[in-house]
Structures are given as structure tokens and as C-alpha cells.
Amino acid sequence: MPHLDMRQFMCRSDNYGVIIHDSKTGATASIDAPDAEAVEAELRKFGRQLTHIFTTHHHEDHVAGNLRLKELFGCKIIGPKNEAEKIPGIDTAVKGGDTFSWAGREVKVFDCPGHTRGHIAFYMPSEFSLFAGDTVFAMGCGRVNEGSMAEMWHSVNQFRPLPPVTHVYCGHEYTEANCRFALSVEPGNRDLQQRATVVAAQRARGEMTCPSTIGDELKTNPFMRCGSREIRKNLKLETATDAEVFAELRHQKNSFK
Ligand code: ZN
Ligand code: FE
């Protein structure tokens, strides 16, 4: 089976839009719908009809286009069961552990409470792709708005066992700021230093820095590196649990300039 065609684009100010398309069946899904016009324009460029929206969480910058796109295309919206009442136009509610078939491929759902209570991620093993919404960013993670730090730690770190080549599609282009924070807590990490150089060059050219991969995140994302000696030493948390290190990192990131 050929791989799906995946197109990522910027919308609003720093949101990523992603459209995935199967040429055989014509099935076409938008990962979240930050902006109806931007998603529609991207679809029209390639002459595609939207059949689905996969919604990760209820924030406005992820669902703003739901109703308009549904009106235009009659697409079906698949979203999180644990906050279904907040997802405009939702047709099918799914939760962690669920799997469903889309364009002949398996899609696995992960629960990711923390950023919002019902946040979910979609994982397509055949495509080596994870759609992580606002849970994992390149070298960062989402703010903990509705859940606990312990929940968010688990939500982020449950992705560690995925194949390292797995593409991580995330909700925002926050990479440069995340990278600065990561360097502040783990300046001796060679992989991180190298990635910082790559990212600076990409941004200088106006390019997107995502999708990332699980392998790169394991090497450079402090929120997935709570066991790092250097991070622990810098936080003065040498004997703490990984979840405690995570919570301190998240607190510090909230006020990092
Ligand atoms: Zn959000
Ligand atoms: Fe967002």
C-alpha cells in the first residue's frame, strides 16, 4: 500500500495544519481545523474533498474551522470522548485504546490528559506518524491547563516506545523558543546543540521545523529526558522521580524568557 500524502502548512500565527490524503480511496482528513479558510485553500490547491477531521482537543485554535468545513464538505469529525461536548460538530467520539480504520489503515488513539482534560493523539503505525496536537512539540510540550503535572508527564512519555523513525506532527511551531529553554537546562547535550544549529538555519530561511521524529525528541526534548543527569543536576533534583523532574521543567518553562 503506498503511503498517504501528507501536507503540512502554517495557519493562524503559529499553528500547523496537516492534510492527509489517500489517492486510492480519495479519503482526505484534516488534523485539527485551526482555520477553515486556510484548510479550504490548501484542499483546493490539490483539488481535494475533505472527508474527515481528526480533532485532538477543544481549544479554539484547533476547532475553529470545524463547523464551516463540515458545511462545505459534509466531512465527519472524529474527536475526544472525554471532552466531546466541547467539540463543535463531532460525529464520532474516541478515547485512548480505541483503534479505527481510515483509508484501509489502522489508527490508534492515545489519551493525553494534561493540556486539556480530554486531549487525544492519533497514531498511524503504517505511516510511522503520530499526530500529537498540543501534547508534544519539537523539544517541548504543551502547557498543563486542565490536568495534573503527573498526568501530563505520562501523556508525553507514553510515546517513548514508538519506533524512533515515527514522525511527530504537532500543533504549533514553537521550536525556537523550546530549543532555547532546552539548552538552558541541558547545555552539554551534543544532539541538542546540533539541532539548535539546524533549527536556527531553518527558521532563518522561513521553513517549518516539524514534523519531528520520536528519535530526535528522545535525544533533545527535555520533557522526555527527565532521567538526564545534566538536567537533574541543573534543577538540583538528582534524586527526584522522573515525574517530579518533569513538573519542575514545566514550571520553569512557564516563566522562561
Ligand atoms: Zn491547545
Ligand atoms: Fe494550540
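Counting convention: from 1, in listed order, for ligands and their atoms alike. Nothing here was measured: the structure is a model prediction, and the numbers come from that model.
- Shortest distance from the Zn ion (ligand 1) to D134 is reached at OD2 (N/O/S atoms only).
- Around the Fe ion (ligand 2), the two atoms OD2 of D61 and NE2 of H172 are separated by an angle of 80°, to 10 degrees.
- In terms of distance to the Zn ion (ligand 1), the nearest N, O or S atom of H59 is named ND1.
- For a distance bound of 2.8 Å, the N, O or S atoms of H119 include none lying that close to the Zn ion (ligand 1).
- Residues L4 and W102 meet the side-chain proximity criterion, which asks for heavy atoms closer than 4.5 Å.
- Geometry about the Fe ion (ligand 2) gives an angle of 90° between NE2 of H62 and OD2 of D134, rounded in steps of 10 degrees.
- At a threshold of 4.5 Å between non-hydrogen side-chain atoms, the residues F159 and T135 count as touching.
- Ring to ring, H119 and H59 are not that close: their centroids are 6.0 angstrom or more apart.
- The nearest N, O or S atom of D61 is not closer to the Zn ion (ligand 1) than 2.8 Å.
- A perpendicular orientation is assigned to the rings of F100 and F54, their planes being inclined by more than 60° (bins at 30° and 60°).
- In summary, H59 places no N/O/S atom under 2.8 Å from the Fe ion (ligand 2), failing the contact criterion.
- Coordination check, H62 versus the Zn ion (ligand 1): failed, since every N/O/S atom of the residue sits at 2.8 Å or beyond.
- Ion pair E244/R232 not flagged as a salt bridge, since none of the NZ, NE, NH1 or NH2 atoms sits closer than 4.0 Å to an Asp/Glu carboxylate oxygen.
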Let me see the working for D91 and K70 under salt bridge (Lys or Arg N to Asp or Glu O under 4.0 Å), right down to the final yes or no. CA-CA 11 Å; D91 295 289; K70 198 169 182 177; 3.0 Å; yes
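- Taking the Zn ion (ligand 1) as the apex, the angle formed with NE2 of H115 and NE2 of H57 is 100°, to the nearest 10 degrees.
- For K76, the NZ atom is loosely surrounded, since the number of other residues' heavy atoms within 6.0 Å does not exceed 12.
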